[in-house]
Enquirer: 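Please find one structure pasted underneath; my questions will follow.
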Amino acid sequence: MSSVDSRALARQLISGNQAKGEKATRKSLGANRKPTASVTPIGRSFDDHPGIIALLAINQNLDDKKIDNPYFKAWSKRKGSRLLIDNQWKINFSSYNYLDMASDPDLAEAAKQAIDQYGTSVSAARIVSGQIPLYEELEAEFADFFGTEDALVFISGFLTNVSTIGYLFNEKDLIVHDALIHNSMISGALMSGARRLNFSHNDAEALDKLLRIHRNRHERCVVLLEGVYSMDGDFGNVQPIIDIAHHHNCSVMLDEAHSLGTIGKTGRGAQEAMGIKPDDVDIWMGSLSKSLGSVGGYIAGSKALIENLRYYAPGAALYCATTPPASAAAALCALQKLKTETWRVRKLQTNFTYFLKRANELGLNTGISEGTAVVPIITGDTNTALELTTRLNKQGINVQAIFYPIVPDGEARLRFFINTAHTKQELDYTLNKIVENIKAMK
Ligand code: PMP
């Protein structure tokens, strides 16, 4: 990779890409959409919006079945693997706090110091409010961690995908993605206006066929995939998909939201677990809200990519206030701890390997999960999943039910996020209760 002088590049970007920046703005305002041919105007009320109709149906079903609403559950304290809910310390499987960083005293101290020094907000987009050294330090750590030229931090992981993909690609481009990629990447693809095609999950051959037909009809083409898939807990088929993408002259974006800190001997994600080289992926993406106990997202890659996003991606520096100082300080502290406290990764991996193995021994359906921090227990039927989560909650276990349309119809599940702080006793207790309840519900 060549090194680029950032100021010269910025000048070039400002003149050369002005039009594209404006176009991105118009696009985000929806100014380029044509009106739909024939519609019946709807009035001011949102009471009959499809979302609220669906929600009413879900609530009615919960009432009919006498199942507690499992969502937006109020909790008041966190300690390691436990959450204080209704005055009971429940074993928690519902947050992505994989490495138990979110209640770590060092992260809390770093966050408090950042508040004392910089306040609770930088109060505008970075391009306007200026830099604080914390952002540069965090971005340098990410670039060093992934072996890339540069990195950029965004205020949310979701927005990182939306704004990066939405900004980089346009109507002449092609976005090809694994069928199971996260909604944030799809939202970015929709915002970009590029043509979007998907290939069946992890199927490199299907990708190859698709690119043979469609690649040459488009300017840029990017292939989107994940290191670990968050609904099923299986690994991405990363290297074969990268090889096909490169063969067809496409760039690659890899979302490591669930692989950073969780896979590879020391938690270095796909690079360590699958031998992916820094240059194999053009756009390294991840979230700060999972293994790093904070909130936000990052992109790591070439100097040109990052400088472009830094100046123009709506949601990075433009039009959007950035990560609060406390969150940047917490993420920086977590990233440094990830390098030194490798026991966290080892303990997490011991825990999830045990949980999956024991679940299978007990005859539970874990789908295609293959030894990651996400382990689904598939019940199939939505009401079974909802009833199971209610029963477990009463027995001191906090876990979420997921069902259609988030996962395919008939594949409702409880999704367990395993944590470094879970003890073997907690995992055994949980698995035994699942088995007991399933039997009792038959
Ligand atoms: N990518 C993936 C694969 C995710 O699962 C998520 C959220 N769970 C995101 C991106 C968005 O990250 P965040 O929640 O930190 O905004």
Side-chain angles (χ1 to χ4, degrees), residues 71-72 92-99 101-102 107 138 142 146 151-166 175 177-191 198 201-202 222-238 241 252-263 269-270 273 281 283-300 309 313 315-316 320-324 326-328 330-332 334-335 338 368-369 372-376 399-400 402 405-407 413 415-419:
Y71 302 108
F72 296 99
N92 184 35
F93 292 97
S94 288
S95 55
Y96 304 116
N97 185 25
Y98 296 130
L99 296 176
M101 295 280 191
L107 268 75
L138 180 57
F142 273 123
F146 291 104
L152 181 66
V153 169
F154 295 67
I155 192 159
S156 98
F158 190 97
L159 189 63
T160 305
N161 278 336
V162 173
S163 117
T164 300
I165 300 167
I175 295 179
H177 63 83
D178 187 287
L180 295 191
I181 55 154
H182 192 253
N183 176 282
S184 51
M185 289 178 126
I186 294 177
S187 299
L190 291 171
M191 176 178 151
N198 71 54
H201 181 48
N202 272 343
V222 65
V223 175
L224 311 178
L225 76 163
E226 293 181 29
V228 166
Y229 284 85
S230 61
M231 288 297 152
D232 292 278
D234 63 325
F235 293 103
N237 188 18
V238 180
I241 288 176
V252 174
M253 177 168 182
L254 178 66
D255 181 329
E256 290 222 89
H258 299 275
S259 40
L260 171 71
T262 67
I263 61 168
V281 170
I283 310 171
W284 291 92
M285 181 273 165
S287 155
L288 313 186
S289 70
K290 296 164 173 74
S291 288
L292 300 181
S294 181
V295 67
Y298 64 83
I299 295 288
L309 295 174
C320 183
T322 197
T323 320
S327 303
L332 179 60
L335 199 51
L338 177 56
I368 54 172
S369 169
T372 70
V374 183
V375 184
V399 61
Q400 273 306 333
I402 315 262
I406 298 170
V407 291
R413 61 197 61 192
R415 200 166 48 139
F416 290 81
F417 300 123
I418 311 296
N419 179 310

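If you read the sequence from its start, that first residue is 1, and numbering goes on from there. In listed order, ligands and their atoms are each counted from 1.
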Enquirer: Okay, side chain of Thr262, backbone of Ser259: is any donor-acceptor separation there less than 3.5 Å?
Expert: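 Yes; at least one donor-acceptor contact below 3.5 Å.
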Enquirer: Which distance, rounded to the nearest 0.5 Å, do you find between the NE2 of His182 and the OG of Ser187?
Expert: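 Between atom NE2 of His182 and atom OG of Ser187 there are 8.5 Å.
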Enquirer: Under 4.0 Å, counting heavy atoms only: does Ser230 come that close to any atom of ligand 1?
Expert: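 Under 4.0 Å: yes for Ser230.
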Enquirer: Among all protein heavy atoms, pick the one closest to atom 5 (O) of ligand 1 and tell me residue, atom and distance.
Expert: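 Looking only at protein heavy atoms, the one closest to atom 5 (O) of ligand 1 is His258 NE2, 2.6 Å.
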Enquirer: Relative to the heavy atoms of Glu226, which atoms of ligand 1 are at a distance of less than 4.0 Å?
Expert: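 Under 4.0 Å from Glu226, ligand 1 has these atoms: 3 (C).
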Enquirer: Measure the distance from atom 16 (O) of ligand 1 to every protein heavy atom, then report the residue, atom name and distance (to 0.1 Å) of the closest one.
Expert: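 I find the closest protein heavy atom is Phe158 N, 2.9 Å.
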Enquirer: With a 3.5 Å distance limit and no angle check, can you tell me whether Thr323 reaches the backbone of Phe154 through a side-chain donor-acceptor pair?
Expert: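 Between the backbone of Phe154 and the side chain of Thr323 there is a qualifying donor-acceptor contact (under 3.5 Å).
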Enquirer: For residues Val374 and Ser230, report the shortest heavy-atom separation together with the two atoms involved.
Expert: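 Taking every non-hydrogen atom into account, CG1-O, 3.3 Å.
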Enquirer: Donor-acceptor pair, distance only, cut-off 3.5 Å: does the side chain of Ser294 make one with the backbone of Ala330?
Expert: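 Not at all, since once roles are kept as given, no pair shorter than 3.5 Å links the two residues.
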Enquirer: How far is atom 9 (C) of ligand 1 from its nearest protein heavy atom, and which residue and atom name does that atom have?
Expert: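 Going atom by atom, the protein heavy atom closest to atom 9 (C) of ligand 1 ends up being His182 CE1, 3.5 Å.
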Enquirer: Going by the atom numbers of ligand 1, which of them fall below 4.0 Å from some non-hydrogen atom of Ser289?
Expert: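 Checking each atom against Ser289, I get 13 (P), 14 (O), 15 (O).
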Enquirer: Under 3.5 Å between any N/O of Tyr96 and any N/O of ligand 1: does that happen in this structure?
Expert: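 Yes, there is a polar N/O contact under 3.5 Å.
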Enquirer: Tell me, which protein residue and heavy-atom name are nearest atom 7 (C) of ligand 1, and how many Å apart are they?
Expert: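 Here the closest protein heavy atom is Lys290 NZ, 3.1 Å.
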Enquirer: When only distance counts, is Gly157 in polar contact with ligand 1, meaning an N/O pair under 3.5 Å?
Expert: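 Yes; the residue has a nitrogen or oxygen that sits under 3.5 Å from a nitrogen or oxygen of the ligand.
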Enquirer: List the closest protein heavy-atom neighbour of atom 1 (N) of ligand 1: residue, atom name, distance to the nearest 0.1 Å.
Expert: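 Checked against all protein heavy atoms, atom 1 (N) of ligand 1 sits closest to Asp255 OD2, 2.6 Å.
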Enquirer: What orientation do Tyr98 and Phe417 show, parallel under 30°, tilted 30 to 60°, or perpendicular over 60°?
Expert: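 Because their plane-to-plane angle is over 60°, the rings of Tyr98 and Phe417 count as perpendicular.
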Enquirer: Side chains of His201 and Asp234: donor-acceptor distance under 3.5 Å anywhere?
Expert: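 Distance-only check passes for His201 and Asp234.
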Enquirer: Mark yes or no for whether Asn202, through its side chain, and Asn237, through its backbone, hold a donor-acceptor pair below 3.5 Å.
Expert: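 Pair found, side chain donor or acceptor close to backbone of Asn237.
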Enquirer: Please could you name the atoms of ligand 1 that Ala257 approaches to less than 4.0 Å, counting only its heavy atoms?
Expert: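 Reading through ligand 1 atom by atom, the close ones are 1 (N), 2 (C), 3 (C), 4 (C).
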